[in-house]
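Starting off with a structure, shown below.
First the proteins, then the strands, lettered A, B, ... as listed; each starts at 1. Hydrogens, waters and symmetry mates play no part in the numbers below; they use all other heavy atoms, side chains included.
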Amino acid sequence: ILNVEQSPQSLHVQEGDSTNFTCSFPSSNFYALHWYRWETAKSPEALFVMTLNGDEKKKGRISATLNTKEGYSYLYIKGSQPEDSATYLCASRAWGNYGGATNKLIFGTGTLLAVQP
Amino acid sequence: SQTIHQWPATLVQPVGSPLSLECTVEGTSNPNLYWYRQAAGRGLQLLFYSVGIGQISSEVPQNLSASRPQDRQFILSSKKLLLSDSGFYLCAWSLTPNQPQHFGDGTRLSIL
């Protein structure tokens with residue numbers, strides 16, 4: 001995988017459903033994986049920054065896992081609420097060529113989540 | 001607390017006209033600053049980043065330039081806009097590249 005890919009592109013769930021989506025990223029030279037939530041008419045908001053293989057992070061009803069060896073991260077939302085409706089973006093950061101990590105985040109195109117009451 | 005201001009929110013410009021988008025950060029010193037563009041149907045693409053005053057790194061060759069005349073001010077410019085410059089532009093800052101980025105509200109630029 002050369003780019004950061006997210007699936008599905010969009011997702012419609014009912015209030016109370018639990019859901020998850022996937023971020024795939026290049027596993028070679030991996031340094032960090034970011035998750036952001038982007039609500040309509042607002043700016044993207046940081047959810048998690050993850051670096052370690054097997055890491056799991058949690059923020060309220062949202063959690064994320066990371067597999068750096070195979071190059072994927074899952075984002076889980078437990079008991080979805082209408083206010084969870086947003087586009088969820090992941091972004092990968094890699095090691096550079098000169099011993100340090102690059103400053104560049106490569107973003108996926110996002111998963112658009114719509115939670116219906 | 002830190003805040004980021006980006007303006008204008010929307011802009012309609014004719015082809016060939018100049019561009020200046022401004023971004024300022026308050027409440028922190030020496031932030032890392034970033035300009036992104038989201039073209040229709042695509043992910044956020046990093047255009048420029050800056051780790052300090054006068055230090056600009058360009059990620060993709062394009063019709064745009066960036067400047068950082070003050071510690072917390074980041075400006076995106078063009079001398080002559082192209083149709084392909086249309087898109088949604090976001091400014092962001094972080095304390096270090098290891099930490100999450102904080103985004104402005106964005107500028108929707110339409111080129112006619």
For A/T19 and A/F21, the nearest pair of non-hydrogen atoms, with its separation, is CG2-CE2, 4.2 Å
- prompt: More than 12 heavy atoms of other residues, nucleotides or ligands under 6.0 Å from CD of A/Q9: is that the case?
  reply: no
Is the shortest side-chain heavy-atom distance between B/F74 and B/F48 below 4.5 Å?
yes
Ranking A/T51, A/T87, A/T109 by heavy-atom pairs under 4.5 Å to chain B gives rank one to A/T109
Original post:
Got more than 12 heavy atoms from elsewhere within 6.0 Å of CZ, B/R42?
Top reply: no
Cut-off 4.5 Å, heavy atoms of chain A, and the answer for B/Q99 is backbone
Note to self: As a quick check of understanding, evaluate ring pair (Phe, Tyr, Trp, His ring centres under 6.0 Å) for A/Y88 and A/Y36, giving each step before the final call.
What the structure shows: CA-CA 6 Å; A/Y88 290 82; A/Y36 293 86; over 10 Å; no
Applying a strict 4.5 Å limit to non-hydrogen atoms, the region of A/F48 in contact with chain B is neither
Q. Would you say the side chains of A/S73 and A/W35 form a donor-acceptor pair under 3.5 Å?
A. yes
Short side-chain donor-acceptor distance under 3.5 Å, A/N20 and A/Y74: no
Exercise: do A/Q116 and A/E15 side chains pair donor with acceptor under 3.5 Å = no
Those residues of residues 80-92 of chain B that come under 4.5 Å of chain A on a heavy-atom basis, listed by number, are B/F88, B/L90
Taking every heavy atom of B/Y49 against every heavy atom of B/L46, the minimum-distance pair comes out as CD2-CD2, 3.9 Å
Among residues 25-36 of chain B, those lying within the under-4.5 Å heavy-atom range of chain A are B/Y34, B/Y36
Of A/Q6, A/H34, A/K104, the largest count of non-hydrogen pairs under 4.5 angstrom with chain B goes to A/K104
Turns out that what part of A/W38 lies under 4.5 Å from chain B's heavy atoms comes down to side chain
When every non-hydrogen atom of A/S92 is compared with those of A/V4, the smallest separation belongs to CB-CG2, 3.7 Å
**Q.** Distance-only donor-acceptor check, side chains B/R68 and B/S50, under 3.5 Å
**A.** yes
Honestly, the part of A/L89 sitting under 4.5 Å from a heavy atom of chain B is side chain
Check whether the side chains of A/D17 and A/S80 place a donor and an acceptor atom closer than 3.5 Å, and report yes or no.
no
